[in-house]
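Written out below as structure tokens is the structure these notes cover.
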There are 2 protein chains.
Amino acid sequence: MHAYEKVRAEMLRRITSQVWPQGMTLPHEEVLADEFGVARGTMRRAMADLTERGLIERKRKAGTKVAARRAHSSTLNIPIVRVEITDSGAQYSYKLLSRVLGGPELDATGRFGRSKLLHVRSIHLADGRPYQLEDRLISLDAVPQADAQDFNEISPNEWLVEKVPYSAVRTILRAESADEMQAKHLKLGHGDPVFVIERQTQLDDLPVTLVKMTHPAASFSIATQTSQFR
Amino acid sequence: MHAYEKVRAEMLRRITSQVWPQGMTLPHEEVLADEFGVARGTMRRAMADLTERGLIERKRKAGTKVAARRAHSSTLNIPIVRVEITDSGAQYSYKLLSRVLGGPELDATGRFGRSKLLHVRSIHLADGRPYQLEDRLISLDAVPQADAQDFNEISPNEWLVEKVPYSAVRTILRAESADEMQAKHLKLGHGDPVFVIERQTQLDDLPVTLVKMTHPAASFSIATQTSQFR
DNA sequence: AAAATTATTATGTCTATACATAATAGACAG
DNA sequence: CTGTCTATTATGTATAGACATAATAATTTT
């Protein structure tokens with residue numbers, strides 16, 4: 001265990017055990033560095049990790065305080081769907097449902113401006129059972145080469161992640177009840193609950209793709225990482 | 001903009017634009033430091049951020065590679081429910097539904113061993129409308145002082161976050177359809193979709209509390225931060 | 001040829017020092 | 001007492017250098 005890890009672990013202990021209670025101002029980093037017998041740089045590294053995790057708050061001149069616990073943040077990891085399925089030990093398969101080329105009228109949200117769009121619907125299966133319905137719009141302004149892809153063999157998800165640059169991603173999670181089309185493809189009853197991940201991808205300010213990924217609620221959940229220091 | 005931010009931004013640009021494509025081995029950090037005209041420490045800081053975000057992978061002796069994009073990770077922030085509601089501009093209110101003291105039989109999952117348990121059910125409202133149904137088990141081994149709390153005025157959520165130390169949190173997200181009890185308290189129809197957050201909190205190896213937070217799907221969603229460098 | 005040993009090397013840790021800067025506290029003027 | 005300017009200070013950034021270590025590559029031994 002390295003010095004900064006020891007320092008961090010001990011600080012974490014003091015915070016979680018409330019030896020250092022919420023709102024308390026800590027000694028200056030130089031003082032703490034001295035106490036722990038490390039250089040200021042090492043001290044700062046330990047404290048940077050705690051700051052990142054939201055356990056302490058630091059401000060110039062004001063000093064370092066133990067943060068009030070008003071929220072809990074954790075890391076949400078969403079793998080590409082093929083990896084998610086094969087990692088679970090299941091057999092992955094994929095089927096294209098439809099591929100429609102059209103104009104801006106395909107985009108009800110108006111986020112794509114006047115770009116020509118590709119609307120692709122497909123389904124991902126685990127051991128032959130429907131796992132995810134992928135309903136995607138791709139901007140041909142941002143990704144002209146998508147026009148030449150038929151998506152019969154490779155899913156838009158995989159193809160885009162592999163081939164297309166992006167800089168920002170916005171994700172929304174929610175629950176819905178399945179509409180007729182979703183129920184049909186996911187082999188659910190009409191009105192059954194589904195877990196929806198909606199994601200918009202941009203390259204700088206240019207919208208690249210917008211996808212709605214729908215999963216049967218009964219066989220889908222997301223666990224977040226506890227973001228522990230190891 | 002600081003030197004490490006400039007370096008990081010430029011590296012990010014090269015990666016997202018695929019000037020440095022997936023799998024490419026980057027020049028050594030000393031060489032890059034030289035190219036960017038910064039010290040090795042500064043270079044390392046920029047690279048540490050990119051590593052943290054999963055954009056590059058580093059290994060001793062082997063060097064630094066642009067990571068294959070197999071997943072997207074983002075930060076999930078779940079505030080305490082009162083803050084979530086008041087931040088949205090709504091009026092927060094809270095009502096205790098039941099508070100039952102019992103033994104390990106309350107815990108169907110068997111995670112609490114033989115601890116005495118407190119089972120508290122309550123509802124959080126936004127502008128008088130049901131927002132979240134909180135169904136919680138509290139270990140009296142870990143939190144004996146919970147026995148003295150009636151939870152009439154302050155919610156278990158808030159009380160625990162404020163008063164009780166913890167070191168690890170495990171969160172699961174899923175969609176369900178409302179059972180009779182949930183439907184009644186959330187003013188939904190039986191079978192309507194709900195968004196469920198389940199969370200288990202520990203102090204070291206001791207389970208502290210297990211909570212199931214149920215939200216009407218129609219008025220609840222979670223947006224994750226894009227985790228952008230500013 | 002395979003296995004075990006040794007050398008090399010890129011990343012990782014730690015230290016010490018200098019200077020920058022945001023934010024507060026204190027001094028001062030009105 | 002109020003607002004403005006100034007000084008102080010804790011954190012933030014940057015640098016250079018020494019040493020540690022994991023992992024690969026090269027060499028030697030079997």
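Everything numeric here is computed off the predicted structure, so don't read it as measured data. Here is the naming used below: chain letters follow the sequence lines, and residue numbers restart at 1 for every chain.
- If A:His2 and B:Ala39 are placed on DNA chain D by their nearest nucleotide, the residue sitting closer to the 5' end is B:Ala39.
- In this structure, A:Glu35 pairs ionically with A:Arg14, as a charged nitrogen and a carboxylate oxygen lie closer than 4.0 Å.
- The pair A:Lys6-A:Glu10 fails the salt-bridge criterion, with no side-chain N (NZ, NE, NH1 or NH2) lying under 4.0 Å from an Asp/Glu carboxylate O.
- Counting only residues at least two apart or on different chains, the salt bridge (charged side-chain N to carboxylate O under 4.0 Å, His left out) pairs with a member in residues 206-216 of chain B are B:Glu176-B:Lys212.
- Across the protein-nucleic acid pair, A:Met1 atom CE and D:dA20 atom C1' stand 18 Å apart, rounded to whole Å.
- On the nucleic acid side, DNA chain C has its first and last nucleotide under 4.0 Å of a heavy atom of chain B at C:dT8 to C:dT13, going 5' to 3'.
- If you check every strand for non-hydrogen atoms under 4.0 Å, A:Arg45 touches sugar and phosphate atoms only.
- Using a 4.0 Å heavy-atom cutoff across all strands shown, A:Arg40 reaches at least one base atom of the nucleic acid.
- The ring of B:Phe195 has its center closer than 6.0 angstrom to the ring center of A:Phe195.
- Rounded to whole Å, the distance from CE on B:Met43 to P on D:dT13 is 16 Å.
- A:His28 has its NE2 atom 12 Å from the C1' atom of D:dT8, to the nearest Å.
- Between B:Arg174 and B:Glu198, at least one side-chain N (NZ, or NE/NH1/NH2) sits under 4.0 Å from a carboxylate O, which counts as a salt bridge.
- Between A:Val38 and B:Leu26, it is B:Leu26 whose nearest contact on DNA chain C lies nearer the 5' terminus.
- When ring centroids are compared, B:Tyr94 and B:His124 come within the 6.0 Å threshold.
- Evaluation of the salt bridge (charged side-chain N to carboxylate O under 4.0 Å, His left out) test over residues 39-48 of chain B, restricted to residues two or more places apart or in two chains, returns B:Glu29-B:Arg40, B:Glu29-B:Arg44.
- Mapping B:Arg60 and A:Arg60 onto DNA chain C by nearest heavy atom places B:Arg60 at the nucleotide closer to the 5' end.
- For residues 154-172 of chain A, the set of pairs meeting the salt bridge (charged side-chain N to carboxylate O under 4.0 Å, His left out) definition, not counting sequence neighbours, comprises A:Arg82-A:Glu158.
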Show me, pair by pair, the donor-acceptor contacts under 3.5 angstrom made by side chains of residues 137-148 of chain B, not counting sequence neighbours?
from	atom 1	to	atom 2	distance (Å)
B:Ser139	OG	B:Ser115	OG	3.1
B:Ser139	OG	B:Asp141	N	3.2
B:Ser139	OG	B:Ala142	N	3.1

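- Distance OH (B:Tyr4) to C1' (D:dT15): 16 Å, rounded to an integer number of Å.
- Residue B:Thr42 has its side chain nearest to D:dA14 when only D:dT11, D:dA20, D:dA14 are considered.
- Contacts between residues 61-70 of chain A and DNA chain D, defined by a heavy-atom separation below 4.0 Å, involve A:Lys61, A:Gly63, A:Thr64, listed by number.
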